[in-house]
Amino acid sequence: MPLDLNFIMIQLLAGLSRAMVLFLLSAGLSLIFGVMNILNFAHATFWLLGGYITYTVFESLGGEGMGTLAAAIAITSVGMFVLGCIIERVLIRRMYHRELPEQLLLTFALVLILGDLIKLIWGTADRQIVLAIEPMEMLDTFVNPYYFVIIGIGVVAGLAMWGFFRFTRYGHIVRAAVYSRDMVNALGIPISWIYAGVFGLGIGFAGFAAGVCLPLMPVALGMDTDIIIQCFAVVVIGGFGSIAGTFIASIIVGTVYAFSILIWPDGALAMIYLIVIAVLVFRPWGLLGTELRT
Amino acid sequence: MTDGKYRMQWDKFVGSIDRRHFLVTSLAAGVATLTPRFAHAEAERFRLGLILSATGPGSNYCESAIQAVTYGVAELNKRGGLLGKYPIELIFRDEQSKPEAAAREARDLIDRQKVHAVIGTWSSASALAVQEIAYEQKVLHISACGNSSQLIAENYSPYTFLVTPNSQMESAAIAVTLAQMAKDKNWKRFVTIGQDYEWGRAQQKGFIEVFTQRTPGVELTKEFWFKLGETNFAPYIAAIMAAQPDFCFGAMSAKDSATFMLQAKANGMFRKVVYPGGLITVADMQQQTKTLERGLIGVTRAPFFALLNEPVMQRYIKLHQENNGPKTYPTDWACMHLDALYAIEQAAKKSGQIDSESLRKALTGATIDTCRGQAAFAECSNQLAIPAGFVGTITDTPDYPFPIYDLKTLVRVDAKEVERSCAELEAVRKKRA
């Protein structure tokens with residue numbers, strides 16, 4: 001097969017777009033685990049719910065154009081943030097001192113409940129937003145211009161999250177809570193509300209990710225259980241709790257997958273899990289994760 | 001019916017369910033279930049199991065099939081049921097497009113519900129799983145969608161009948177048409193992309209066998225396989241374009257096919273690579289009215305618009321419109337599942353019995369009326385000799401509110417052109433044994 005530079009660049013672009021989809025999906029999962037020590041198995045199901053809500057809001061706002069999509073994403077993200085805060089207050093807060101299997105059981109129950117809720121409200125049909133975008137000619141071939149949108153959003157979202165935790169007071173408090181909940185509490189900061197906010201932020205981010213992905217791929221019942229495995233792979237490679245690690249891991253997973261399809265299609269998925277195994281064996285806390293947590 | 005209309009119907013249905021509606025409907029259903037028991041206390045019922053995908057990658061094809069069997073059963077019951085005296089009790093189970101779910105449901109239908117026959121499934125892998133159970137329990141099984149050629153070759157069972165062309169016939173039909181196209185256009189290289197499961201593999205294998213036999217100079221340069229339910233085809237599409245083939249053969253169907261075609265269109269793949277031969281059915285044409293690429297070459301199994309002269313098809317269209325509205329049309333899946341249902345009726349008439357064994361014997365080698373004309377089941381395989389495929393080019397038409405295959409260039413490949421002989425099937429079975 002002729003493998004010239006143009007095709008390598010196009011494959012890289014496809015890989016990066018896949019990477020950004022994975023990053024947007026995994027960032028919230030990593031954040032929730034990193035700060036709250038809660039392994040949210042239902043994260044991708046919240047993402048799925050966000051997708052269906054975005055679709056409905058988009059259709060009710062007229063169903064056309066990027067502006068309408070942006071408005072639908074904003075409304076959904078805020079709604080999902082509120083939903084996340086409520087779920088944290090009602091359910092998740094009871095799990096902080098429980099063992100991991102109990103956390104998994106609770107969040108798996110959420111997977112089933114939310115899945116049935118989606119089926120009841122939206123039925124079994126897939127939902128996708130089709131924007132009137134023509135393919136763009138570049139490097140002697142065509143590409144979907146929305147790839148650039150999603151890559152741009154991924155990079156901006158990553159930088160925004162990094163900046164938020166690095167430079168804002170709330171971000172500092174959250175980072176402190178990662179290392180010592182008790183010390184943050186002792187300083188008079190209401191840790192319970194911080195946790196509710198973090199969980200809400202993670203779920204809101206899942207809703208945001210779903211909306212951003214809708215013009216690229218449909219949301220469908222059952223996708224969540226498949227996607228959560230890929231999210232775990234990304235977060236394990238990057239390190240739980242590290243946004244930068246999640247970002248780098250997403251790029252590794254997305255591009256390795258894309259180039260494996262080009263070179264060795266049958267082994268594409270296996271390549272990803274080989275990387276996961278290698279990380280688990282040689283650096284179990286992930287590329288940019290930390291072992292320190294009290 | 002367009003995608004929007006489907007959604008509107010579904011949303012309307014779901015939106016209409018409130019607590020009061022639910023209670024009233026449940027009560028009515030309970031009364032309706034009990035009434036015939038008292039009214040016909042001694043009447044034996046024919047219990048029919050239907051296993052299709054209400055969820056999963058195949059659900060967009062199965063929705064119309066489930067609905068068709070439901071109104072088909074209602075129509076038969078209006079006439080008193082089978083032989084005019086055995087009302088049909090339809091028991092539906094969701095296969096979820098997963099063989100393990102299909103096997104579990106088939107076992108329950110046969111062991112606990114004591115069904116006389118099973119129609120299903122969407123997935124070929126599921127059909128193979130159900131076939132084993134039906135054979136073990138000696139229950140009639142008719143597949144109108146799942147069409148792995150293994151069902152009639154390596155895994156042949158006298159209890160399983162196919163009213164759909166099997167994957168070998170279907171892929172050969174595409175191969176015959178594309179081989180001619182390859183000669184005309186001087187194609188030299190191609191790639192394939194398919195769903196990585198039983199049907200996708202069988203479809204691709206069957207295509208390559210016939211195509212390379214007819215066009216030895218055309219080289220297969222790459223094979224791409226993706227898992228069932230894939231939603232992001234970006235790397236595959238880029239890799240296909242990088243391979244610079246003359247054409248890409250797609251062995252995919254249902255939701256995966258719809259998603260792939262949408263993303264391929266957005267990536268400009270159809271401007272660089274010819275994509276012929278994918279399973280593009282009436283359901284796809286109706287559901288993707290706005291987005292389906294015009295000019296695509298595809299294959300389907302029982303398109304109503306190419307079979308308007310068939311009396312059975314006319315009856316199905318009438319039945320469909322009575323239940324869905326005047327300007328609606330049945331999908332291939334609806335028609336083939338009605339063929340499966342009415343095959344049982346014809347078998348009951350022939351045998352005068354409704355037990356599974358009598359129906360099986362009556363269907364073996366029988367000639368039945370279908371929406372694709374009169375056709376006979378091969379005694380050695382239970383494959384119905386219906387057309388192997390309808391290969392055509394997607395185009396708009398003023399006659400329907402969705403695109404169809406261009407009737408001027410539509411190619412109908414008949415079973416006798418491509419199906420394997422009984423001797424060939426025997427050889428396959430012996431080889432396997």
Side-chain angles (χ1 to χ4, degrees), chain A residues 1-4 6-8 10-15 17-18 21-22 59 63 115 119-128 130-131 133-137 140-147 213 215-223 226-227 254-255 257-263 265-266 268-269, chain B residues 3-4 6-7 9-11 13-15 17 53-57 59-60 62-63 94 96-98 189 191 193 196 221-227 229-245 255 258-259 262-272 287-288 290-291:
Chain A
M1 181 169 58
L3 258 184
D4 64 26
N6 286 356
F7 288 120
I8 291 172
I10 295 298
Q11 203 68 23
L12 182 67
L13 194 62
S17 75
R18 191 182 176 95
V21 169
L22 281 173
E59 288 292 310
K119 202 192 295 182
L120 188 72
I121 298 172
W122 287 278
T124 56
D126 293 3
R127 296 288 191 268
Q128 179 163 12
V130 180
L131 295 172
I133 301 174
E134 283 294 305
M136 193 172 84
E137 195 164 6
D140 287 338
T141 186
F142 292 95
V143 291
N144 183 351
Y146 197 76
Y147 286 173
C213 296
L216 206 60
M217 56 200 246
V219 285
L221 274 176
M223 269 176 83
D226 180 38
I227 277 175
T255 50
Y257 187 79
F259 281 101
S260 301
I261 283 171
L262 190 66
I263 298 157
D266 285 349
L269 267 179
Chain B
D3 188 21
Y6 265 117
R7 280 192 197 130
Q9 271 194 359
W10 179 257
D11 293 345
F13 168 67
V14 172
I17 301 173
S53 291
T55 53
S59 58
N60 64 327
C62 293
E63 194 180 344
D94 184 7
Q96 301 167 28
S97 310
K98 292 175 186 166
R189 45 196 288 137
V191 298
I193 179 163
D196 197 3
T221 55
K222 200 98 180 168
E223 296 176 32
F224 298 98
W225 297 104
F226 61 87
K227 65 183 188 316
E230 176 65 69
T231 50
N232 189 346
F233 288 97
Y236 295 94
I237 292 164
I240 289 168
M241 292 205 279
Q244 295 181 299
K255 285 184 182 178
T259 306
L262 200 59
Q263 292 181 11
K265 187 180 179 185
N267 280 278
M269 187 186 118
F270 299 137
R271 299 183 188 189
K272 294 283 280 186
Q287 290 165 10
Q288 301 165 51
K290 280 187 194 164
T291 55

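Throughout, a chain's letter reflects where its sequence line sits, starting with A, and its residues are numbered from 1. Note that this is a predicted model, so its numbers are computed, not measured.
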- Note on the structure: Greatest number of non-hydrogen atom pairs under 4.5 angstrom with chain B, of A/Cys213, A/Ala220, A/Pro218, A/Ser260, falls to A/Pro218
- Item | Segment of A/Leu13 engaging chain B (4.5 angstrom heavy-atom cut-off) | neither
- Note on the structure: Okay, B/Ala54 and chain A: the region with an atom under 4.5 Å from a heavy atom over there is backbone
- All side-chain contact (heavy atoms from CB on, under 4.5 Å) counterparts of A/Glu137, not counting sequence neighbours: A/Phe142
- Query: Taking only residues two or more places apart in sequence or in another chain, which ones pass side-chain contact (heavy atoms from CB on, under 4.5 Å) with B/Ala234?
  - Reply: A/Ala14, A/Ser17, A/Tyr147, B/Asn232
- Toward chain A, the part of B/Thr259 with a non-hydrogen atom under 4.5 Å: side chain
- Query: Looking at B/Met269, B/Arg271, B/Met241, B/Lys290, which makes the most heavy-atom pairs under 4.5 Å with chain A?
  - Reply: B/Arg271
- Message: Working to the nearest 0.5 angstrom, can you tell me the gap between A/Ile261 CD1 and B/Lys222 NZ?
- Response: 10.5 Å
- Turns out that what part of B/Lys227 lies under 4.5 Å from chain A's heavy atoms comes down to side chain
- Item | Value rounded to 0.5 Å, distance of CD in B/Gln263 from CD in A/Gln128 | 6.5 Å
- Item | Any donor-acceptor pair under 3.5 Å from B/Lys272 side chain to A/Asp140 backbone | yes
- Task: Specify which of A/Ile10, A/Thr141, A/Leu221 makes the most heavy-atom pairs with chain B at under 4.5 Å.
- Result: A/Thr141
- So which part of B/Gln96 gets closer than 4.5 Å to some heavy atom of chain A, the side chain, the backbone, both or neither? neither
- Query: Should the heavy atoms of other residues, nucleotides or ligands under 6.0 Å from NZ of B/Lys98 be counted, would the total exceed 12?
  - Reply: no
- Could you state the interatomic distance from CG (B/Leu262) to CE (A/Met217), rounded to the nearest 0.5 Å? 13.0 Å
- Item | Closest non-hydrogen atom pair between A/Gln11 and B/Pro235, with its separation | NE2-O, 2.9 Å
- Message: If I take atom OG1 from residue B/Thr231 and atom CG from residue A/Leu216, how far apart are they, to the nearest 0.5 angstrom?
- Response: 9.0 Å
